[in-house]
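The structure appears below as structure tokens.
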2 protein chains.
Amino acid sequence: MSQPPKQSADHPVPTSTDVARLAGVSRATVSYVLNNTSAVRISEPTRRRVREAAEELGYVPHAAARSLRAGHSRMVLLPTSHVPVGPLYSRFLNEVQWALRALDYTVVQYGSLGLGADEAARAWAELRPVAVLSLGEIALSAHGVQVLKRSGAKAVITLGPQRVEGAHALVMDQRAIGSAAARHLLERGRRAIGVVVPAEPGLELFSRPRLAGVRRTVTTAGEASGARVEPLTMAYDEESAARLAAGWGALGLDAVYAYNDEYAQLLMRALQDAGVDVPGECAVVGADDLLLGKLLRPRLSTVHIELPTGREIAELVDRVVRDPDGEVERHDLMAAHTVPRESS
Amino acid sequence: MSQPPKQSADHPVPTSTDVARLAGVSRATVSYVLNNTSAVRISEPTRRRVREAAEELGYVPHAAARSLRAGHSRMVLLPTSHVPVGPLYSRFLNEVQWALRALDYTVVQYGSLGLGADEAARAWAELRPVAVLSLGEIALSAHGVQVLKRSGAKAVITLGPQRVEGAHALVMDQRAIGSAAARHLLERGRRAIGVVVPAEPGLELFSRPRLAGVRRTVTTAGEASGARVEPLTMAYDEESAARLAAGWGALGLDAVYAYNDEYAQLLMRALQDAGVDVPGECAVVGADDLLLGKLLRPRLSTVHIELPTGREIAELVDRVVRDPDGEVERHDLMAAHTVPRESS
DNA sequence: TTGAAAGCGGTACCAT
DNA sequence: ATGGTACCGCTTTCAA
């Protein structure tokens, strides 16, 4: 009693051995009963005794020990970044979780903040997940994929702007978004298109392809028209937006595609405060089709993104897990279409 | 070759035994080298051979096996719900992750969608985390806490509106937010205060105390003034807001506290569209002090919430893990103060 | 300086 | 219908 805190030496976590002892049976029997092993017949009285013993001790099986023995787990790793990823993706991510749970997978989000691609992959591999579903915000190198596969991952799936060697890729080509916005603006007769590129680090994976999409469309369709594209770096705060708006006249732009609806809202407000008429002098288009766009005045034109459903993703994961050596299917999804409202 | 897919029988995951064999040493030596065990001296040539063998095989240690042997892990479980929890909490949550990683904890977000309080606790317990940090959106019962502690969790910490028996509680009393809003509105001379209660399930844990806070302040301070409180259920979509705004006249309210800035934005827009003058006929106050509030016209008054920093939380976790039997400290944090702008 | 072996908590084969 | 036991991958005494 006078000794320092005995740690939890007095708090022994109950194991199946404890349950067996209390029930007066072997560990094997405990295992059979608690797992309802059908290949083996256990008498009803015994079952009851085991169950009661487990209950009384508050026994909870040790997942690590179990999967160590089994040689595999049903853990799907969902790496998360520190990037504020916006409401659209948050909802999508939750959908995926739901759907995976429904297929009896254990979903674990593992934050690998501040780790490089290869360190991160190694950290994930230590957990021996059966599948890794990278949402694309996360760096994943060809080498990383190899490490994961060697560590037993049946499925390594990237869901993002770019393919990764060796992984199943659900390519969500963010360029489609920029393209849709640009096409819309060109149709409206705009010729000098600004593109807001968020200053926030981590968003480049999204913003760069979106910008590239605008460029592609403008150079392709707009060649004869002499249209041009102007990248505009802007942080998600008022000063940055105000600064950009203050120098607006000098830019000579008649339209801007503002990355997403939130950045669009910020910039549109700054433009209005600076006396720039929207859409008269400058059209504004956002993306993601958030509710807030409809609440703004003028109502914000936006690019609606058609994400795959959580169930589709979950089923793909399941399919690949079951047949890892199947064809590495390449999916191109992410339909994007413009929702014209009043700001353009 | 004619047999069905041999699973990954041809893809044996390398173990420390494989490394040992390739390096021509024992498993023990491999462990010593790769963990830099200081209590033991291994010759430089041997170290090199081991390292090279590990590298060549792409060996990655098995976290589960390791912590099984060690008898403990450094996993902090962060249960996540399906509730769209808003930008403020997302940022906070990421901060906590950062800070915990910095203290060398492995942060795992585990979604227990669709599970009851006790089932969830059991599922968490199977992972044998050293700590569970429940963000309060999640149900956690007294029994659940007991299960977790019995399973070896040193720290079970709830961070939310209500205490849970047996757990360390960082009570973030959401009522303070409602109180701040009410006090502000009363000071401005408003007497009939509507309180928006989100229809979305899962938000009750936040919305109910916020409403209670308004009630408390109004009945206390406003007794003599004959002020009243009117709860208003509203979903986060335009129709619901429009419906509410359409019947506004009949409600006879001169102020509304709208749960948070996003709901406030939605309602304020609906009110304006319905011809209700803000703040003339009706004052509007939000909460969370989001950027969007400054962008609205009129600028949205809001309640700013002072959350603890991620580092504070992480250090608390660490402290409790080190000394689980220490005093169960009770913290009351969450300072809330009004940021008056133009809408009230 | 290195190796043999025990053991962490389960599961499943093979006896009994 | 049950029990004995080997083994999953790794760490850590204890000996050599």
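Residue numbers begin at 1 in each chain, while the letters A, B, ... track the order of the sequences.
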(message) Other residues, nucleotides and ligands only: do more than 12 of their heavy atoms fall within 6.0 Å of CZ on A:R311?
(response)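 Atom CZ in A:R311 is not crowded, with 12 or fewer foreign heavy atoms closer than 6.0 Å.
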(message) Can you confirm whether B:E52 is buried at CD, in the sense that more than 12 heavy atoms of other residues, nucleotides or ligands lie under 6.0 Å from that atom?
(response)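 Counting other residues, nucleotides and ligands, CD of B:E52 exceeds 12 neighbours.
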Could you give the [atom1]-to-[atom2] distance, from [X] to [N], as a whole number of Å?
| X | N | atom1 | atom2 | answer |
| --- | --- | --- | --- | --- |
| B:H72 | C:dG9 | NE2 | P | 13 Å |
| A:I42 | C:dT11 | CD1 | P | 13 Å |
| B:R21 | C:dA4 | CZ | P | 13 Å |
| B:R150 | C:dG9 | CZ | P | 14 Å |

(message) For B:A167 versus B:T158, what's the shortest heavy-atom pair and its separation?
(response)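 Nearest heavy atoms, B:A167 then B:T158: CB-CG2, 4.1 Å.
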(message) Please find the pair of heavy atoms, one from A:Y110 and one from B:T106, that lie closest to each other, and give the distance.
(response)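 That closest heavy-atom pairing would be CE1-CG2, 3.1 Å.
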(message) To the closest 0.5 Å, what do you measure between CD1 (B:I313) and CG (B:L133)?
(response)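 Nearest 0.5 Å value for the CD1-CG distance: 7.0 Å.
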(message) If you define the side chain from C-beta out and look only at heavy atoms, does anything of B:H72 sit under 4.5 Å from B:S67?
(response)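 Contact flag for B:H72/B:S67 side chains = no.
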(message) Please determine whether a side-chain nitrogen or oxygen atom of A:S43 lies at a distance below 4.0 Å from atom OP1 or OP2 of D:dT2.
(response)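 Affirmative; the distance criterion is met.
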(request) Give the B/S/- string for nucleotides 8-16 of chain D, one per nucleotide from 5' to 3', where a protein heavy atom under 4.0 Å of the base yields B, of only the sugar-phosphate yields S, and otherwise -. (result) BBBBBB---
